[in-house]
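Protein chains get the first letters and strands the later ones, always in sequence-line order, with residue 1 at the start of each.
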Amino acid sequence: MFRALVIAPGLLAAMVLGFFAFGTSRPKADLTYVNPSGIHTLDPARMSWTQDFRVALNIWEGLTTSDSPTTEPVAGAAEFPPSVSADGLSWTFTIRSDARWSNGDPVTAMDFLRGWRRGMEPGTATDYVFLFADHIAGADEYIRWRQHGVAVLTALSRAAAGWKLSPEQAEALAHDETLPEIRAALHGADADAPGEQIAKALHDSDLDWSAFHSRHFELHASELETRFSAVGIRALDARTLEVRLKEPCPYLLDLTAFPSFLPCHESIERLRQRFRGAPITGQGLVVYDPQWTKPDYHQNDYPGLITNGPYRLAAWDFKRRARLEVNPFYRDAAATTCRTVDMLVYENLSAALMAYEAGEVDFLPAMDVPYDHEIARLAQSGQRPDFKLCHVLATYFFNFNCASPTVNGRANPFVDARVRRAFALAVDKDALVEHVLRRGDRVAHSLVPPHSIAGYEPPPGLGYDVDRARALLAEAGYPGGAGLPPVELLYVPADERVCQAVARMWERDLGVRIERRALESRTFAEEKANQRFMIARGNWYADYYDPTTFLDCYANGNGNNDSAFSNPEYDALLDRAAHLRDPVKRMRALADAEALLVEEELPLLPILHYAQPIAVQPWVHGIEPNPRLRFFFRHVTVHR
Amino acid sequence: MLRRLLAGAATVACVYALTFVMVVALPGNPFQQGQRKLAPEVVEALRARYSMDNTWLYFWQYLSGALHLDFGPTFMYPDWTCNEIIAQALPVSATLGLLAVIIAVQVGVPLGVWSAVRRHGWPDAMTTALVLLGISIPTFVTGSMLLIIFGVYLKIAPVGGWGTLAHLPLPAITLALPFIAYIARLTRVGMLDVLASDYIRTAVAKGCTPRTVIWDHALRAALLPVLSYLGPATAQAMTGSFVVEKVFGVPGLGQHFVNAALNRDTGLILATVLVFSTLLVLLNLLIDLLYARLDPRIKEAV
């Protein structure tokens with residue numbers, strides 16, 4: 001009876017569910033690799049994870065692409081090299097005549113214009129909007145105008161919906177020169193009063209918020225095209241793209257290979273039509289149907305994702321697998337021997353490594369396992385030639401809070417550069433790298449990894465000198481650590497070993513008390529972004545081959561300046577470098593700036609430059625270690 | 001029945017409200033996907049777009065969407081909607097969970113009966129030891145051991161992943177082990193109680209064979225505590241086990257639930273909690289119906 005009631009229907013249900021759970025099974029791909037956490041997004045304008053870049057750069061192609069394995073820029077969808085004006089400000093790219101989308105359509109200059117514009121729009125919420133703002137003429141102004149418009153429209157839409165304005169919003173609206181009606185609505189109330197008072201005055205006003213929002217919205221929407229026409233990107237004809245820069249940019253061809261600068265097929269516009277809020281929402285955000293990146297998404301004649309790279313996306317199951325197949329219209333399609341690639345998801349890299357050892361996986365681009373030191377040893381000793389170490393263009397460091405005089409109710413001694421320098425001098429990085437981590441990382445004394453960028457040699461930085469550290473601390477008013485409040489060190493659990501060791505060094509050598517606080521990553525990010533820390537771990541992966549990808553992070557007002565470091569001399573050196581045409585002088589100016597950063601001011605304490613182990617089966621050829629962890633599958637051959 | 005359904009709906013509503021309170025109290029920006037900071041204007045606009053700048057409005061809008069089976073967008077994986085994620089992950093977890101529960105019942109019940117019938121004998125000692133091991137060894141240990149033995153050394157099962165029937169047995173067995181242990185223990189206790197009761201003595205006195213006494217007369221009553229346990233256990237198994245899914249690379253709902261919380265993916269947290277609580281309520285209801293079938297005394301109550 002029990003069997004009849006529970007087990008038989010249960011088995012039947014399991015069989016039916018199993019049918020849905022497994023879906024269509026596909027034959028094994030030529031190459032199988034693991035992406036531990038799966039793809040976050042395939043929208044090039046939004047992406048910021050290395051593993052997403054890896055898929056994107058295999059299914060799309062920018063004006064340039066990266067060489068394998070050097071990752072230097074080489075010819076992509078445009079003829080190479082592009083023509084450059086004498087002042088280095090105007091670049092003209094000619095799209096190759098044989099550049100094709102995966103449905104056979106020719107790739108046009110408009111496609112790049114569309115893709116780049118998406119990367120600048122606040123609605124796509126891109127992490128990399130700064131790449132456009134910093135380099136393309138007029139882009140910064142356009143982005144600022146759009147962001148300001150979004151802020152105003154957001155506040156007005158809230159008021160129009162009958163909700164109270166927040167004090168910050170009210171204050172911002174009252175001081176906005178483009179909104180004289182707001183001042184009028186205050187009826188003589190003090191526009192410089194605190195936000196709460198302004199919000200109340202505005203709330204009590206007889207302003208018709210709904211009409212006001214509509215009017216402002218229409219105005220903003222009607223100006224969109226005019227404003228964008230001032231941005232230095234123009235499609236002169238179907239095959240010619242002209243790019244005007246703010247300043248000469250020696251690494252522009254590296255940038256044009258970056259995902260934010262990828263093109264976008266015109267079919268995406270078909271999804272705009274069906275999406276509520278087109279072309280922009282009441283808050284001023286440009287929206288697209290977010291499902292446009294699916295290969296099997298069909299709405300309004302949308303044919304599913306179309307890309308222009310060596311591969312096309314054939315299937316994508318969430319957090320399970322993605323299947324890439326050769327794009328038949330790609331110029332080298334016939335010569336590509338690796339016809340299909342499967343990307344599998346293994347959240348647990350130990351299981352991924354077991355699958356690799358069992359021969360089920362051909363390539364592991366990451367091996368963050370608890371025993372990674374053993375893997376690094378096997379790779380370095382040559383005992384496992386299939387394990388290789390990638391010396392990554394990235395740095396792990398600690399940020400000191402340079403701005404806030406108090407943190408969580410305590411005085412912050414790190415506003416004094418001498419204290420920061422003392423703490424930096426008291427860390428034995430060699431011991432950390434060789435005895436604590438043992439992963440093959442390289443000790444860092446600079447922010448930019450040495451010998452990584454052609455023509456640039458970073459300053460030597462500070463070594464390990466406990467006596468000097470103690471003297472500096474005494475000079476700052478804390479002899480032997482006396483008088484120093486307990487120092488809070490913020491990190492994520494993955495950094496436990498490093499932080500424990502460093503805290504011990506500081507306590508032992510400087511006589512200070514360190515309070516370690518391991519926080520879950522989102523909370524950590526929130527605390528760090530709001531400068532609620534004294535010392536916090538940080539890291540940076542380079543986006544392009546130039547020291548500015550690292551150094552810009554410490555410019556005043558930069559969104560990634562977690563230390564809130566501000567030094568006019570440093571900013572001036574970066575600014576000077578941006579104007580220098582002579583590459584040698586430019587690099588020297590940048591090295592001077594970095595010297596100020598890592599030898600004098602120390603808003604950060606460089607610890608190490610990452611080494612990342614990868615595993616490639618002996619039957620796979622064409623996957624080599626590289627500093628940006630970029631792997632291009634069309635260069636791969638598999639001989640099982 | 002109607003009253004039970006209404007009570008179930010009220011339970012799900014309470015779970016939603018409680019989860020919602022916790023979700024809005026969580027620190028961290030749900031729109032932050034990468035490491036780089038988003039412009040504050042953009043974050044504000046996105047919050048306004050999804051009505052997250054007004055807690056009540058957001059509460060009702062999300063609830064109204066959920067009642068229409070639209071769980072909204074996910075912020076960490078912007079290319080997907082919560083509905084798509086659940087539609088892909090729930091059948092995976094449900095298949096795995098259902099199979100695990102079936103294995104657990106098929107193995108746990110006979111084990112418990114055997115142990116009770118041979119009380120104080122070596123089968124009892126062995127079962128007790130097995131139960132202890134099943135409960136105390138964490139699934140990541142048993143899962144990893146099974147992977148190493150059957151996947152890496154014997155090569156008779158794939159090392160994790162999902163896509164064919166061959167991917168099913170190892171995670172299903174791993175997931176089933178603790179359930180087997182609990183079910184065996186509950187069955188044993190239930191059997192011992194029942195075997196000491198008068199009607200069993202009567203059945204024996206009437207000359208029923210031991211087999212009939214145990215499997216037809218005693219087991220029906222002894223299974224009642226097991227059935228009570230099976231409701232939440234099935235819901236738990238069917239909505240995914242984060243650890244088993246992680247160890248075996250199974251794309252189930254459990255890992256999405258945990259990751260959603262870690263990522264502050266508000267929509268996905270609420271969606272997974274709603275799915276889990278609804279399943280729990282429905283399965284408990286189903287178990288109550290079965291209970292009534294097995295024990296007529298409580299039919300009226302149901």
Side-chain angles (χ1 to χ4, degrees), chain A residues 1-2 5-7 10-11 13-14 17-18 20-22 25 40-43 46 48-49 122 125 127-129 147-148 150-151 154 157-158 163 281 283-285 290-291 293-294 317-321 344-348 350-352 354-355 357-358 360 520-523 525-526 529 559-560, chain B residues 27-29 31-39 41-42 44-46 48-49 53-54 73 76-81 84-85 88-89 91-92 94-95 98-99 101-102 105-106 144 147-148 151-152 155 158-165 168 220 223 246-249 251 255 262-264 290 293:
Chain A
M1 192 272 306
F2 181 74
L5 275 175
V6 177
I7 297 171
L11 272 172
L17 286 169
F20 288 108
F22 289 120
S25 64
H40 290 86
T41 174
L42 279 181
D43 185 338
R46 289 171 180 260
S48 63
W49 296 81
D127 280 5
Y128 278 104
V129 68
Q147 287 185 344
H148 180 71
V150 163
T154 301
S157 70
R158 186 180 168 86
W163 302 108
T281 66
Q283 293 81 28
L285 299 172
Q291 303 191 68
T293 53
K294 308 264 180 47
D317 300 327
F318 182 70
K319 287 253 186 181
R320 188 188 305 186
R321 72 167 66 207
L344 302 182
V345 177
Y346 278 85
E347 292 249 356
N348 175 9
S350 292
M354 277 190 254
E357 294 292 343
E360 290 174 24
E520 171 281 320
S521 60
R522 287 274 156 158
T523 320
E526 188 85 352
N560 297 306
Chain B
N29 171 12
F31 302 107
Q32 188 76 46
Q33 291 168 42
Q35 286 210 25
R36 289 143 180 98
K37 279 179 208 158
L38 291 179
E41 296 88 351
V42 174
E44 267 304 296
L46 287 169
R49 176 166 161 66
D53 56 348
N54 188 291
M76 193 60 190
Y77 304 101
D79 307 26
W80 298 82
T81 61
E84 284 180 301
I85 290 178
Q88 288 207 4
V92 173
T95 304
L98 215 50
L99 191 63
V101 170
I102 291 166
V105 172
Q106 295 282 32
S144 303
L147 267 187
I148 292 169
V152 180
K155 293 192 193 303
V159 185
W162 193 258
T164 62
L165 280 175
L168 201 50
R220 178 188 269 254
L223 276 185
K246 199 156 176 153
V247 168
F248 289 95
Q255 54 171 315
L262 291 174
N263 293 329
R264 310 289 187 271
L290 282 173
R293 181 85 174 77

Side chain, backbone, both or neither: which part of [X] has a heavy atom under 4.5 Å from chain B?
X	result
Leu344(A)	neither
Glu520(A)	side chain
Ala525(A)	neither
Glu347(A)	both

For Val247(B), what residues pass the side chain to side chain contact (heavy atoms under 4.5 Å, CB included) criterion, not counting sequence neighbours?
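With neighbours one apart ignored, the set is Asn348(A), Phe140(B), Ser144(B), Leu147(B), Val243(B).
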Could you pull out all residues at least two apart from Ala355(A) that satisfy side chain to side chain contact (heavy atoms under 4.5 Å, CB included)?
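Tyr346(A), Glu360(A), Val361(A), Val159(B).
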Look at [options] and state which one has the largest set of heavy-atom pairs under 4.5 Å with chain A.
options	value
Gly160(B), Pro78(B), Ala48(B)	Pro78(B)
Pro158(B), Gly249(B), Pro27(B)	Pro158(B)
Lys246(B), Gln255(B), Met76(B)	Lys246(B)
Val152(B), Asp53(B), Asn29(B)	Asp53(B)

Quick one: do the Asp43(A) and Thr293(A) side chains pair a donor with an acceptor below 3.5 Å?
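Side chains of Asp43(A) and Thr293(A): no pair found under 3.5 Å.
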Under 4.5 Å from a heavy atom of chain A, the part of Lys155(B) involved
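Contact with chain A involves the side chain of Lys155(B) alone.
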